[in-house]
Amino acid sequence: MSGMGDRRSISLTEGLTEMESDLSKVYAAIAKGAMRIARELPFRVGMTSSVNPSGETQAELDVFANDLFAHSLIDTGVVSEVASEEMETPMTAKSPSPRMLSVAMDPLDGSSNITTNNPLGSIFGIWRGKLPQPGRAQVAAAFVTYGPTLSLTLTRGKEVDQYIEVREGAHKDQFVRAHRAMRLPEKAEVYGIGGDRAAWTPEVKKFVEKLEARKMRLRYGGTFIGDFNQVLKRGGIFAYPMLQNKPDGKLRILYETAPISLITEYAGGTATDGRGPLLDLKPTKLAQTSPFFVGNRSLLDELRRDLSTPGSA
Ligand code: FDP
């Protein structure tokens with residue numbers, strides 16, 4: 001992975017010139033929205049009385065982030081459809097066309113962390129044409145972390161770059177490239193597995209016991225994006241597996257796991273639902289969930305072997 005800062009600081013505006021113009025407009029809208037949300041965060045920590053399509057009570061910030069991103073993405077003029085974890089039906093452009101881009105997003109990942117001041121995120125998968133489509137068909141993907149720093153990680157061709165917001169100096173209030181062509185480190189350091197341990201399948205339980213025996217570091221903060229970002233930087237595995245009472249796990253394919261799987265593959269890692277590549281799943285519903293495991297190839301190969309030999313993992 002490249003170190004902090006290229007020799008000369010590259011701003012996001014410069015980085016976007018290396019991309020197709022419709023995609024650069026989408027990334028610019030995401031960057032602008034992310035900065036706005038980061039500034040609003042301290043003032044919007046309440047809950048609303050409404051629920052999202054998955055039945056979860058919406059936080060004020062969920063609604064704010066959803067409206068902001070959905071409108072600004074449609075306003076780029078290159079996006080025909082925005083599907084979101086927070087909307088029952090997608091928002092569409094006035095004159096949609098199959099050649100235009102479609103965005104599936106989780107506008108605010110990890111809402112339960114709002115009140116505790118832990119990291120939050122936003123996730124975006126970008127396709128051409130109507131959704132749902134398999135993750136493999138994505139033209140690009142991006143995620144934002146709202147943490148000690150505001151970062152924007154995005155695919156550029158088949159590479160992954162990470163930008164951070166600069167708070168002083170010549171690039172004040174701009175995103176500047178901190179990492180170009182990121183790669184997952186070979187050494188796997190951290191792991192974070194969601195769901196009730198008692199509800200894990202015996203194979204998942206035994207796999208995790210092996211990670212523990214190797215003294216890998218447990219990192220589970222309750223925001224998928226925050227936890228995944230640690231895997232991207234430190235190597236390891238994040239999972240929200242199949243549970244005894246929830247065989248399809250919790251995380252949504254289009255809004256959450258497909259975009260992160262694309263980013264992971266471009267950074268040299270891989271992701272699976274426990275049966276095959278996550279990116280090859282063909283969701284038929286926008287909010288469809290699946291079991292999810294993402295991280296270093298070597299660990300995921302090991303997991304695949306353990307999952308395919310039930311009881312003897
Ligand atoms: P949240 O419910 O707070 O929105 O997207 C769902 C998600 O957060 C992920 O960000 C997170 O990894 C996971 O759920 C946490 O679920 P658990 O509370 O079951 O651990």
Side-chain angles (χ1 to χ4, degrees), residues 34 37 41 44-48 50-66 69 83-87 104-125 135 141-147 151 153 190-201 204-205 208 218-234 236-261 263-264 271-274 278 283 285-295:
I37 289 164
L41 237 162
R44 294 182 187 265
V45 292
M47 299 301 289
T48 68
S50 48
V51 291
N52 73 9
S54 304
E56 299 156 344
T57 304
Q58 290 178 308
E60 198 186 330
L61 203 59
D62 283 323
V63 177
F64 178 78
N66 181 71
F69 282 128
S84 163
E85 186 176 306
E86 301 301 334
M87 295 190 292
M105 64 174 183
D106 180 353
L108 199 80
D109 174 53
S111 327
S112 57
N113 275 342
I114 295 172
T115 47
T116 55
N117 192 23
N118 283 350
L120 299 167
S122 301
I123 312 172
F124 304 86
F143 71 85
V144 174
T145 57
Y146 309 90
S151 75
T153 307
V190 296
Y191 71 99
I193 318 288
D196 229 351
R197 196 176 178 110
W200 291 347
T201 61
V204 169
K205 215 176 275 176
V208 176
L218 169 62
R219 290 290 181 273
Y220 189 81
T223 293
F224 166 38
I225 278 306
D227 292 333
F228 168 73
N229 199 37
Q230 297 203 45
V231 171
L232 182 60
K233 293 271 178 69
R234 299 179 62 181
I237 184 167
F238 172 86
Y240 208 108
M242 56 297 265
L243 302 176
Q244 315 268 20
N245 55 343
K246 262 193 199 170
D248 292 326
K250 176 179 183 187
L251 301 185
R252 292 94 178 165
I253 301 169
L254 288 171
Y255 304 139
E256 297 171 302
T257 59
I260 295 309
S261 300
I263 288 172
T264 304
T272 177
D273 67 341
L278 193 291
K285 293 194 194 100
L286 290 170
Q288 198 167 317
T289 64
S290 85
F292 180 60
F293 306 83
V294 66

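Atoms within a ligand are numbered from 1 in the order they appear, just like the ligands themselves. Bear in mind that the values here come from a model prediction, so they are computed numbers and not experimental data.
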- [ ] Run the contact test for G194 against ligand 1 with a 4.0 Å cut-off on heavy atoms, strictly below, and give the result.
- [x] no
TODO: Give the atoms of ligand 1, by number and element, whose distance to some non-hydrogen atom of T223 is under 4.0 Å.
DONE: 10 (O), 12 (O)
Task: Atom indices of ligand 1, in the order listed, that fall short of 4.0 Å to a heavy atom of F224 - done: 9 (C), 10 (O), 11 (C), 12 (O)
Task: N/O separation below 3.5 Å, Y240 to ligand 1 - done: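 Indeed, backbone or side chain, Y240 has an N or O that close.
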TODO: Output yes when the distance from some N or O of ligand 1 to some N or O of E56 is under 3.5 Å, and no in every other case.
DONE: no
Distance-only, no hydrogens or angles: does the [X] side chain make a donor-acceptor pair with backbone N or O of [Y] under 3.5 Å?
X	Y	value
W200	G194	yes
T272	G274	yes
S84	N66	no
N113	G221	yes

Task: Shortest heavy-atom approach to atom 1 (P) of ligand 1 - which of G192, G110, G226 - done: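 Result: the heavy atom closest to atom 1 (P) of ligand 1 is in G110.
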Quick one: look up the protein heavy atom nearest [atom] and list residue, atom name and how far away it is.
atom	value
atom 10 (O) of ligand 1	D109 OD1, 2.6 Å
atom 3 (O) of ligand 1	S112 OG, 2.8 Å
atom 16 (O) of ligand 1	K250 NZ, 3.0 Å
atom 11 (C) of ligand 1	G222 O, 3.4 Å
atom 15 (C) of ligand 1	Y220 OH, 3.4 Å

TODO: May I ask you to say whether E56 pairs ionically with R252, meaning some side-chain N is under 4.0 Å from a carboxylate O?
DONE: yes
Task: Heavy-atom closest contact (G135 atom, A258 atom, distance) - done: CA-CB, 3.9 Å
Task: Shortest non-hydrogen contact between P259 and I123, atoms and distance - done: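 Heavy atoms only, the tightest pair is CB-CG2, 3.7 Å.
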- [ ] Measure E256 to ligand 1 on non-hydrogen atoms and call it side chain, backbone, both or neither using the 4.0 Å cut-off.
- [x]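 Contact part for E256 vs ligand 1: side chain (C-beta onward).
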TODO: Kindly assign one of parallel, tilted or perpendicular to the pair F124 and F69, based on the angle between their ring planes and the thresholds 30° and 60°.
DONE: perpendicular
